[in-house]
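Working notes for the structure below.
Positions are given from 1 along the sequence.
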Amino acid sequence: MRFIIQRDRLVQSVQDVMKAVTSRTTIPILTGIKIVATTDGVTLTGSDSDISIESFIPKEDAGDEIAEIKQPGAIVLQAKFFSEIVKKLPTDTVEIHVENQLQTVIRSGKSEFKLNGLDADEYPHLPQIKEENIFKIPTDLLKAMIRQTVFSVSTSETRPILTGVNWKVGNGELTCVATDSHRLALRKARIETEADESYNVVIPGKSLGELSKILDDNNDLIDIVITENQVLFKAKNLLFFSRLLEGNYPDTSKLIPNESKTNIVVNTKDFLHAIDRASLLAREGRNNVVKFTTIQDGIIEISSNTPEIGNVVEELQSQSIEGEELKISFSAKFMMDALKTLEGSEITISFTGAMRPFVIRPINDDSILQLILPVRTY
């Protein structure tokens, strides 16, 4: 194998596939990156058997030559060393040449590295997916839907299914739900699907987080293919495979209250800053709890008290308060996480009592909601 390639394109592809490479793997060859050169261009692959990422660098792009393939072939190189080397090479082009016994020469300017490669035939094959069930979604919408839900997945392995995001497709709509049983995030969007397709799968939160980092910010359509145990995201020159989590996701629709006893409309930014300030004295230990009380004339009191440190009280003018008076306590971190994902300058918070979950929504937008369970404080 022998090819010359633009360094910046190579660096970008290496960084993308590195997101799937882990040093903690039972299959030693997966600590490497697989590089395949064909007459069309160069393909890099990284995998940790949960996530696999394939990045393709075409020979030409928009009339510019990116790679010159002198001899097709394949090799697996240690990801940790290869990625560091490529980043620090001195000139804009790199020549990669596999000699006998899989020794690989990496040349750029006056710099030359030799790395011992591994046989590419030993590298596990990527899942073969029949592309029957495809739906499409714009990249920026997909990234938004991930950002607005993935933070609510559980980080504990006691219920593995909750470490994923539940994706449901039906009636031309995609619904994403994540919960760690203390809070829940839900986001819906219209999508392009074939006829009457419906799916109900759980994608690991970690996979979606990595996917979101790799995708460019544009509104190009991404193809999403779902099979029994894999999901494939296809963008331009990029394939991203992830395994699906096994098991049934709990029915979360029952958790979301249909009615409310107190409705409050507040300015998102003012409310976020007030919670942020109140949490300054609540960060010690695990409690991180702020209290929220309605006072007359549409004023809300936000307070926090940590006996050994001190307390903070702040008043905030709401746009409106309807319904019963309320005193409730909740995690400042959960509230701030939720508020940061909501677009729009004003939100409605709907409470059904001091011990019941409450729902936060942007005004006039029912495609997204955040739900938080309050904290008992005695």
| query | What about Leu142 and Leu238, same hydrophobic cluster or not, with Ile/Leu/Val/Met/Phe/Trp/Tyr joined at side-chain heavy-atom distances under 4.5 Å? | reply | yes
| task | Look at the side-chain heavy atoms of Ile, Leu, Val, Met, Phe, Trp and Tyr, link any pair under 4.5 Å apart, and say whether Val17 and Ile66 land in one connected group. | result | yes
| message | Do the side chains of Asp217 and Lys143 get close enough for a salt bridge, i.e. N-O under 4.0 angstrom? | response | yes
| said: Other residues, nucleotides and ligands only: do more than 12 of their heavy atoms fall within 6.0 Å of CD on Glu65? | reply: yes
| Is it true that a side-chain atom of Thr31 and a backbone atom of Pro28 form a donor plus acceptor pair closer than 3.5 Å? | yes
| query | Would a 4.5 Å heavy-atom cut-off, applied to side chains only, mark Glu343 and Ile368 as touching? | reply | no
| query | Leu316 pairs by side-chain contact (heavy atoms from CB on, under 4.5 Å) with which of Asn267, Ile275, Asp270? | reply | Asp270
| said: Walk me through whether Phe292 and Phe351 qualify under ring-ring contact (aromatic ring centres under 6.0 Å, His included). | reply: CA-CA 11 Å; Phe292 176 104; Phe351 299 94; 5.4 Å; yes
| field | Side chains of Val359 and Gln370 in contact at under 4.5 Å (non-hydrogen atoms) | value | no
| request: If the plane angle is over 60° it's perpendicular, under 30° parallel, otherwise tilted; pick one for Phe135 and Tyr199. | output: tilted
| query | Between atom CG of Leu30 and atom CZ of Arg24, what is the distance when rounded to the nearest 0.5 Å? | reply | 13.5 Å
| task | Can you see which heavy atom on Phe81 is nearest to which on Leu115, and at what distance? | result | CB-CD2, 4.2 Å
| task | Given side-chain contact (heavy atoms from CB on, under 4.5 Å), test Leu126 with Thr45 step by step and report yes or no. | result | CA-CA 9 Å; Leu126 289 187; Thr45 307; 4.0 Å; yes
| message | Any salt bridge linking Asp61 with Arg9? Criterion: basic side-chain nitrogen under 4.0 Å from a carboxylate oxygen. | response | yes
| Can you tell if the side chain of Ile264 reaches within under 4.5 Å of the side chain of Thr348, non-hydrogen atoms only? | no
| Checking side-chain contact (heavy atoms from CB on, under 4.5 Å) for the pair Ile302/Arg277: CA distance, chi angles, key distance, verdict? | CA-CA 10 Å; Ile302 294 163; Arg277 287 189 291 273; over 6 Å; no
| query | Are Asn218 and Asp140 close enough, and set up right, to give a side chain to side chain donor-acceptor pair (under 3.5 Å), and what steps lead you there? | reply | CA-CA 6 Å; Asn218 58 34; Asp140 43 11; over 6 Å; no
| query | Is it true that atom CD of Glu112 has more than 12 heavy atoms of other residues, nucleotides or ligands lying nearer than 6.0 Å? | reply | yes
| said: Please determine whether the number of non-hydrogen atoms from other residues, nucleotides or ligands lying under 6.0 Å from atom NZ of Lys291 exceeds 12. | reply: no
| query | So with a 6.0 Å cut-off around NZ of Lys19, is the heavy-atom count from everything else above 12? | reply | yes
| said: Between Lys188 and Glu173, does any side-chain N to carboxylate O distance fall below 4.0 Å? | reply: no
| request: Find out if a path of hydrophobic residues (ILVMFWY) with successive side-chain heavy-atom gaps under 4.5 Å connects Ile75 to Met18. | output: yes
| For atom CG of Asn248, is the number of surrounding heavy atoms from other residues, nucleotides or ligands below 6.0 Å larger than 12? | no
| request: Would you check, one step at a time, whether the test side-chain contact (heavy atoms from CB on, under 4.5 Å) holds for Thr294 with Ile299? | output: CA-CA 6 Å; Thr294 56; Ile299 291 173; over 6 Å; no
| query | Any chance the rings of Phe358 and Phe330 have centres within less than 6.0 Å? | reply | yes
| task | Apply side-chain contact (heavy atoms from CB on, under 4.5 Å) to the pair Val266 and Ile347, showing each step before the final yes or no. | result | CA-CA 6 Å; Val266 286; Ile347 49 165; 3.7 Å; yes
| query | When you check the gap from the basic side-chain N to the acidic O, do Lys206 and Glu210 get nearer than 4.0 Å? | reply | no
| field | Under 3.5 Å donor-acceptor, Asn166 side chain and Val201 backbone | value | yes
| field | Ile137 side, atom CD1; Leu221 side, atom CG - distance, nearest 0.5 Å | value | 9.0 Å
| Worked verdict on Ser108 versus Thr91 for side chain to side chain donor-acceptor pair (under 3.5 Å) | CA-CA 6 Å; Ser108 176; Thr91 64; 2.7 Å; yes
| Do Val11 and Ile35 belong to the same hydrophobic cluster, where Ile, Leu, Val, Met, Phe, Trp and Tyr are linked whenever their side-chain heavy atoms lie under 4.5 Å apart, directly or via other members? | yes
| task | Could you grab the distance from atom OG1 of Thr252 to atom CG of Leu186, nearest 0.5 Å is fine? | result | 7.0 Å
| message | For Glu324, is there any backbone N or O sitting under 3.5 Å from a side-chain donor or acceptor partner on Thr262? | response | yes
| said: If only side-chain N and O atoms count, and only distance matters, is there a donor-acceptor pair under 3.5 Å linking Glu99 with Thr104? | reply: no
| message | Donor-acceptor pair, distance only, cut-off 3.5 Å: does the side chain of Thr139 make one with the backbone of Asp220? | response | yes
| remark: Value for CD (Gln230) from OG (Ser242), rounded to nearest 0.5 Å, stands at 7.0 Å
| task | Check Ser152 against Arg183 and note the closest heavy-atom contact, atom names and distance. | result | OG-CD, 3.8 Å
| query | According to a 4.5 Å side-chain heavy-atom criterion applied to Ile, Leu, Val, Met, Phe, Trp and Tyr, with indirect links allowed, do Ile191 and Ile146 form part of one hydrophobic cluster? | reply | yes
| said: Return the NE2 to OG distance between His125 and Ser52, rounded to the nearest 0.5 Å. | reply: 12.5 Å
| Closest non-hydrogen atom pair between Phe56 and Asp40, with its separation | CZ-O, 3.7 Å
| field | Among Val225, Ile226, Ile224, the one residue meeting side-chain contact (heavy atoms from CB on, under 4.5 Å) with Leu232 | value | Val225
| task | Compare all side-chain heavy atoms of Leu245 with those of Thr163 and state whether any distance is below 4.5 angstrom. | result | yes
| remark: Note: Asp119 and Leu102 closest approach over all heavy atoms is N-CD1, 3.5 Å
| request: Please examine the side chains of Lys70 and Phe3, heavy atoms only from C-beta on, and report whether any two atoms are closer than 4.5 Å. | output: no
| said: What I want to check is whether the side chains of Asp16 and Gln12 have a donor and an acceptor closer together than 3.5 Å. | reply: yes
| Ionic contact status for Arg243 with Asp50, cut-off 4.0 Å | yes
| said: If I compare all heavy atoms of Lys87 with all of Arg7, which pair ends up nearest, and what's the gap? | reply: O-NH1, 2.9 Å
| remark: What one should report as the nearest heavy-atom pair of Leu118 and Ile29 is CD1-CG1, 3.9 Å
| field | Sub-4.5 Å side-chain heavy-atom contact between Glu301 and Val313 | value | yes
| Close side-chain approach of Phe233 to Asp223, heavy-atom, < 4.5 Å | no
| query | Between Asp337 and Lys333, is the closest basic N to carboxylate O distance under 4.0 Å? | reply | yes
| So how far is it from Ile106 CD1 to Leu77 CG, rounded to the nearest 0.5 Å? | 6.0 Å
| task | Kindly indicate, with the supporting measurements, whether the criterion side chain to side chain donor-acceptor pair (under 3.5 Å) is fulfilled by Asn263 and Ser350. | result | CA-CA 5 Å; Asn263 285 317; Ser350 307; 2.9 Å; yes
| message | Between Thr149 and Val177 (side chain of the first, backbone of the second, donor and acceptor by atom type, cut-off under 3.5 Å), is there such a pair? | response | no
| Sub-4.5 Å side-chain heavy-atom contact between Met145 and Leu174 | yes
